[in-house]
Amino acid sequence: MRIPAALRGDFITYVAGYLLALVLTGAAFAVVDFHLAVPATGFALVLGLGFLQIIVHMRCFLHISLQRSARSDLMLVLFSALIIALMVGGTLVILFNLRMRMM
Amino acid sequence: MPGSMNEPELLHAGLNLGNHPPAMRQQLECSIFGFWVFLMSDAILFALLFAVFGTAIQNTAGAPSPGSAFKISAAGRETFALLSSSFTYGMVSICLKHDASRRWVGLWLAITFCLGAWFLDGEVHDFLKMFHDGVTPQRSAALSAFFVLVGTHGLHVTAGMVWILLMGAQMAVYGIDERVKINFIRLGLFWHFLDLVWVAIFSVVYLRGLLG
Amino acid sequence: MQVAMVSGSLIWHLLLGRFVWADLPIVKAWQDPTFSNIIAGGAAGIAAGGALAGFLLITYLRKWRYLWTQWFTSLDHKRIGIIYICLALVMMTRGLIEAVLMRVQQDLAVNAPGILAPDHFAQFFSTHGTIMIFFVVMPLIAGLINFVMPLQIGARDVAFPLLNSISLWLSVGGAGLVMVSLVIGEFSTGGWSGYPPYTELAFNGGVGPDYWIWAVTMSSMSATLTGINFAVTIYKMRAPGMHWMRMPLFTWTALCTSILMIYAMPPLTVATLLLAADRYFGMHFFTNANGGNMMTYVDLFWLFGHPEVYILILPSFGVYSEVVSTYSGKELYSYVGLVIATMAIAVLSFTVWLHHFFTMGQSADINAFFGIATMLIGIPTGVKIYNWIWTMFMGRVRYTAPMLFSIAFMITFVIGGLSGIVLATPPLDYMMHNTLFLVAHFHNMLIPGTLFGLIAGCQYWFPKAFGFRLIEKWGRISVLFWVLGFYLAFMPLYVLGASGAPRRTVEFYDPAFRPWLLVAMCGAFLIFAGFLCLFMQVWSSVKQREALAVPVGDPWDGRTLEWSVAAPPPEYNFATIPQIGRRDAFYWRKANAGAYRPADHYRDIEIPKNSACGIVFGIAMAFACFGLVWHIWLLAAAFGLITCIAGLARSFMRDLHRILPAAEVEAEDRRWLAIAGAAAPTPRVLEHTPANEGRAICPEV
């Protein structure tokens, strides 16, 4: 049976995304389970691997890409990421500053 | 953007735009873009729950910390279940895009549902165990933050499962017509988005908690 | 006997939750007839009586079917917009009465108890703020943008008409909750910001904070959905050729407002729902005990609260751009500058929220960062003021009511901006925070800034919406009262605040405050008079609507697309979607004799059918929230289920549109074009005379 190229392409994207995600997840769990680093570094590694996996999800499952047709979605995601960084970053800085000054 | 209409297959997986009239395309674009925007507002909501968690995690007030009750195997199982369900929903999208029969779509949808149920079952089981051990959200800010963050995600997954059932019903009643297709795409975005949030949850909540 | 008592009380709790008879203000006034309680009982009576009178009147006039089919279930953005504005006007009546009563209380209560008990006064400032922000200005904005924006971009409706209806009825439902709190129970005493731990169970276990939580949550859900709707509409449904830099300024500000709504409402939802988690589930997000942190709430609330004030002001900035340009007879000075300034304000608004709590203990460095960021926002706003002034310069200005509001805005708002710079300086803010100085500042922004703009917008577009002009005389009298009233009511508050008078205070002890408070009270009465003048304006204009009719649709020689259709516009807005070649396309078409031409080819138009989903959704959710407030869990669950079913059932419906045949569209268009052809083009000097039928002479370009 001849599988059309578009179908093959789509299927490979999803499979690749799934496998990459599994590897990144496994690596993150391994860092914790096998105590591969001190907690601070370990957490940084886990966050980094998580961030990479989020990009894999966006690219392979949610079809965000640099193509023109997905441009408005990409802009939306980037702008939202900026707002999230401001809100979450600001909150953490402010509240940790308050905690420190309360001690 | 309107200029990209000559590449219908690349626009959104799960949708063949080639044979739709222009007015319908505008409606499709609006529906999908609008749902993306809604997901972004939901993303802000989750991000702030994470921020609250980050600031509350140290406020254990003498009660056990959330991390003390975590089991890595349970977290791993739930992660595997949800990630796999994301992949199987991808198969639903491919079936829709390439005009597969309702049976195939229904099959992959059912597998997705089962994996989602497996995920929820694990999570509910974990929560009930914690309640049984007296580790409740009423004991400290850290526990409140944990249960609300993970619980909100769980409620979203539950809503997604109800939506999957509804899609099954719609497909049975109407077949795969335009509105059903749009709904499938939106459900797909929602489902993948939930797995994305789970990546953040298992990183920031579970693995961080297990790292101690 | 005991079993009967227990089961009786069980049934009471099942059906009525934690309600007791004393929760009715009328009963409370009877049991304890203090002046304050009598006012509360009277207000409850007026609210309940007013609602009943309204129902009876509509029944007597046999208008229920008309209202249901033509308005309540309509998905037309124009109708939905008008209902929003009616909601806002009703709620504003209550909000202004509360303001006047608070001013009276403060004037009388210098070393005396005044007329309002402290808790009652606390409810007053809480409802006043909550109503004015969530149920007056937000609906006015949603209504105005709803009506105007699709017409300005050449669209037939918004992207999601049903969602539009749902947003509307969520807003109405939330307002209903606030009105019901006047009749059953009491409202929160924690201000419009609802800070814990005061609003936690330990200090306020009653129904007040719960009313506030659910009313605000419904309003914020409405605003989020509205923001999504407007943003997608502007993004995806502009007419062909309407590139970004050809959009009218009002549409640009509508877009930025929508983006702010989408990103700023979630923090409020998180804040109120986590507070609800504390109150309903005994959690400890913001409590005093068990690790709760009230500053998390403060941070979350102002993450919402600061972008919110820009949501409140940006649409008015858009109105001013349109009004100043039209009534100066000139195109806007530096369109690009205005657009960039708008976008800069929108983005910067997410970087300054800490200035609302400078005094809460952060280090000086953090305060300094946010103080500088706050001052930076003043720059794009200043750019806009200059651009409007330069638009007027060398123009032929017509001093209509909207234009007078705009000029009053330009002068008065700048004063408020300067007081904002004072407050943006942390060491000065330590002196002024939570004094009447702050109250003067934000009213200085909201009244001349937001409210004048929204009133001007309503007056400017009223002829478009209803087909007849408003009487100028009443409009100008209204401007006089509003401006004079504003200065008298709020300038003294700057002095009082700088002298140390705190806000939200039921009684003062310094006799030196008395003269200022007296002037402020007089100002409040003048403002109320200005508000009544607006009703007089509408009333007397309705009575003379034949003489004031402007059916051709362009009474002011406008530049933007909404003026190119009939007044009122047909249901589908445009007979054929226009092709846009440049900015202010309609104006240039008029100048080149290209306006009022029939189309080459008319098409069938698909129009959404009416739907009860929106009103059922919104009202059911309001009932569910009422059940949550009073702990009537059955009610909450039942109506929550109805809400869900209303939404889900819609997805199973298929026959959602009706087709308007091309022949009918063509007939209606030709009828209007005939009127336009027969109408005498009116020069601007005659635009306030009955000669104005809505067709303008375009002066030589």
Side-chain angles (χ1 to χ4, degrees), chain B residues 1-2 23 25-49 51-63 136-145 147-148 151-152 159 162-163 166-167 169-170 173-174 177-180 182-183, chain C residues 155 158-160 163 220-221 223-225 227-233 235-238 240 258-259 261-271 273-274 277-278 281-287 289-293 295-297 299-300 303-304 603 605-606 644 648-654 656:
Chain B
M1 293 301 167
R25 281 186 208 165
Q26 190 187 59
Q27 188 55 39
L28 288 171
E29 284 249 355
C30 281
S31 295
I32 294 170
F33 187 65
F35 196 74
W36 260 112
V37 177
F38 165 72
L39 281 180
M40 291 299 105
S41 80
D42 216 21
I44 307 287
L45 196 124
F46 273 111
L48 288 168
L49 288 176
V52 170
F53 179 81
T55 58
I57 187 62
Q58 290 180 307
N59 297 359
T60 47
T136 59
Q138 285 78 13
R139 288 186 65 182
S140 72
L143 286 170
S144 296
F147 279 107
V148 165
T152 303
V162 170
W163 195 351
L166 280 169
M167 290 318 299
Q170 285 199 2
V173 173
Y174 291 112
D177 70 3
E178 299 312 331
R179 284 189 69 197
V180 171
I182 299 180
N183 281 339
Chain C
V158 291
F160 308 114
L163 204 64
S220 78
M221 278 168 48
T224 312
L225 296 176
I228 296 173
N229 216 340
F230 289 164
V232 176
T233 307
Y235 233 95
K236 298 280 182 190
M237 290 179 64
R238 284 167 282 136
S258 312
I259 293 172
M261 282 186 195
I262 293 162
Y263 289 102
M265 292 301 156
L268 177 66
T269 311
V270 171
L273 290 183
L274 292 185
D278 278 358
F281 296 119
M283 299 204 197
H284 291 290
F285 287 101
F286 314 124
T287 51
N290 294 58
N293 187 349
M295 283 309 295
T296 311
Y297 180 93
D299 181 70
L300 285 170
L303 273 172
F304 148 75
R603 285 201 175 84
I605 297 180
E606 206 175 61
C644 291
L648 297 177
R650 174 78 179 181
S651 65
F652 281 86
M653 295 184 194
R654 280 297 178 269
L656 300 173

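Chain letters run A, B, ... following the sequence lines, proteins first and then strands; every chain starts at 1.
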Practice problem: Measure C:L300 against the heavy atoms of chain B and call it side chain, backbone, both or neither at under 4.5 Å. | Solution: side chain
Quiz item: Any chance CZ of C:F281 has more than 12 other-residue heavy atoms, nucleotides or ligands included, within less than 6.0 Å?
Solution: no
Self-check item: Top of B:D177, B:V162, B:T152 for chain C proximity - count of heavy-atom pairs under 4.5 angstrom
Solution: B:D177
Quiz item: Between C:L303 and chain B, which part of the residue has a heavy atom less than 4.5 Å away: side chain, backbone, both or neither?
Solution: side chain
Quiz item: Listed by residue number, which members of residues 38-46 of chain B have a heavy atom under 4.5 Å from any heavy atom of chain C?
Solution: B:F38, B:M40, B:S41, B:I44, B:L45
Exercise. Give a yes or no on whether the backbone of C:F285 and the side-chain of B:S144 come within a donor-acceptor separation of less than 3.5 Å.
Key: no
Quiz item: Looking only at atom types and distance, does a side-chain atom of B:E29 sit under 3.5 Å from a main-chain N or O of C:K236, one as donor and one as acceptor?
Solution: no
Exercise. Output all residues satisfying side-chain hydrogen bond (donor to acceptor under 3.5 Å, both in side chains) with C:D299, sequence neighbours left out; order by chain, then residue number.
Key: A:T91, C:W353
Quiz prompt | Side-chain heavy-atom pair B:T55, C:M295 within 4.5 angstrom cut-off | solution = no
Quiz prompt | Which atoms of C:S651 approach chain B - backbone, side chain, both or neither, heavy atom under 4.5 Å | solution = both
Quiz prompt | Spacing of C:F160 atom CZ and B:S31 atom OG [to the nearest 0.5 Å] | solution = 5.5 Å
Quiz item: Could you state the interatomic distance from CZ (B:F53) to OG1 (C:T296), rounded to the nearest 0.5 Å?
Solution: 13.5 Å
Practice problem: State, with a plain yes or no, whether a side-chain heavy atom of C:H284 is found less than 4.5 Å away from one of B:N59. | Solution: no
Quiz item: Measuring from C:M237:CE to B:Q27:CD, what's the distance to the nearest 0.5 Å?
Solution: 7.5 Å
Quiz item: Which bit of C:L268 is near chain B, if near means a heavy-atom gap under 4.5 Å: side chain, backbone, both or neither?
Solution: neither
Quiz item: Which answer fits C:L274, side chain, backbone, both or neither, if we ask what part of it has an atom under 4.5 Å from a heavy atom of chain B?
Solution: side chain
